[in-house]
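Structure first, then comments.
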Amino acid sequence: MSTPHYETLPPSDAVTLGERAQRLISSLATLTDEPGRITRHYLSPAHRRATDLVGDWMRAAGLAVSLDALGTVRGRQEARRAGPSSGKRLLIGSHIDTVTDGGAYDGNFGVVAGILAVDELRRRRVSLPFGIEVLAFGDEEGVRFPTTLASSSAVAGAFNPAFLDRRDAAGVSLREALVAFGCDPDAIPDAACDPDEILGYLEVHIEQGPVLEHEKLPLGVVTSIAGQSRFKGIVLGEAGHAGTAPMNLRRDALAAAAEIMGEIERIARAGRDDSLVATVGQLAVTPGAVNVIPARVDFSLDIRAASDAPRLAAIAEIRARAREIGERRHVAFLLEGYHESPTTPCAPQLQAAFAAGIDALGQRVLRLTSGAGHDGHAIHHLTGVGMLFVRCRRGISHNPLEFAEPADMGLAVEALIGAILALARDEDGERS
Ligand code: GLV
Ligand code: MN
Ligand code: MN
């Protein structure tokens, strides 16, 4: 984005906004820690380059840019006119970290949409009665450290200091990684927003599911973000000789873990709740040799549902079944929770603002829940959360095939602008 001259730049239409969004997303997609695929983990060299690029775009859109203690890029502009909310600001954000071998749109589009909306509001010479702060978070995916949402938690004033000692697979602690990134862990309290200064939080995100495509709609308003629990599971058996230990005398950690995983899937599919999902996405077997009975298995468990009760009931059942399996097989079993987000409702006023933005485009307003986790879980500790979903091809996400049509992204930026204007009308007391 070259430095704009807003006196002369014409306003853009949705098609142009979508094309611009695609160009910025494609630039971000070149920043990867693994050539040939998009992998941008929290506080990695590629994340560092992405913070610089996003900072440049924010500056070009007229925002005052800083990097906070958790590596969140923050671009701020003050209210353009005096009024009761001129000391407040609306947060607009998403994340620029990715999963391993991920897609280009997850999170990244939300950051780009926020920047383009601010840029466009200037082109249209809109004077808002409140400030805006665009946030590019770094730890939404929770792939590198067992932390998840560390950066948005800090903005919300809900950062858990114990996170600083958590280590990645290479043994680097979050504290060490922050310092290497150029951040100051001692300044984490300064990253927190004062709730009295915040109007709300808006996030635009690809749906990561098939509902909008099925409904032939480009956009939808999110009503709630599914609750989510994450665990580290450990099964401890005993190593032994694969040729000499009889089957009935083994304490095989992997065979026990396999049975536990079968139970996890059975419990999630048992019909307790259609939205209940449970995933074991990581598995490490020790010592991991062809002729050694496995002594230890470490695995991850991610479990979610649209409401809290079925998720919590499923966790209790998984624990009970795993205990039985462990006792029968004479192996120890541990399930240590490290992330817990209750179901996060979206604020009615912010849902209405996004609905107004969609309605202004002549589109039907569909409301849907989010099965994916979002920074809104953490930001909910600070302020109300509103989310807009954008159709993505075949609902595919966390996959290099992830794709959103530029035309849909253009409509999403327009709907975000519409939502900001609706909130401005609310602040001006114009909405009935
Ligand atoms: C983040 O994308 C998550 O839902 O795990
Ligand atoms: Mn995301
Ligand atoms: Mn994701």
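In listed order, ligands and their atoms are each counted from 1.
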Original post:
In terms of the angle between their ring planes, are Tyr42 and His47 parallel, tilted or perpendicular, with boundaries placed at 30° and 60°?
Top reply: tilted

**OP:** Just go through His377, Gln228, His95, Arg304 and tell me whose heavy atom is the nearest to atom 5 (O) of ligand 1.
**Re:** Arg304

**OP:** Give the numbers and elements of all ligand 1 atoms closer than 4.0 Å to a heavy atom of Glu140.
**Re:** 1 (C), 2 (O)

Subject >> Proximity of Glu141 to ligand 1 by residue part, where a heavy atom lies under 4.0 Å >> reply: side chain

**OP:** Return yes when Arg230 approaches ligand 1 closer than 4.0 angstrom through a heavy atom, no otherwise.
**Re:** yes

**OP:** Take the Mn ion (ligand 2) as the centre and count protein N, O or S atoms at distances under 2.8 Å.
**Re:** 3

Subject >> Phe333 six-ring face occupied by Arg323 cation (under 6.0 Å, within 45°) >> reply: no

Subject >> Lys/Arg-Asp/Glu bridge criterion (N-O < 4.0 Å) met for Asp97, Arg40 >> reply: no

**OP:** Using a strict 4.0 Å cut-off to heavy atoms of Ala372, name the atoms of ligand 1 that fall inside it.
**Re:** 4 (O)

Subject >> Heavy atoms of other groups near Asp274 CG, more than 12 under 6.0 Å >> reply: no

Original post:
Do other residues, nucleotides or ligands put more than 12 heavy atoms under 6.0 Å from the CZ atom of Arg367?
Top reply: yes

**OP:** Output yes when Arg311 and Asp308 qualify as a salt bridge under the 4.0 Å nitrogen-oxygen rule, no when they do not.
**Re:** yes

Subject >> Arg329/Glu324 ion pair, N-O < 4.0 Å >> reply: no

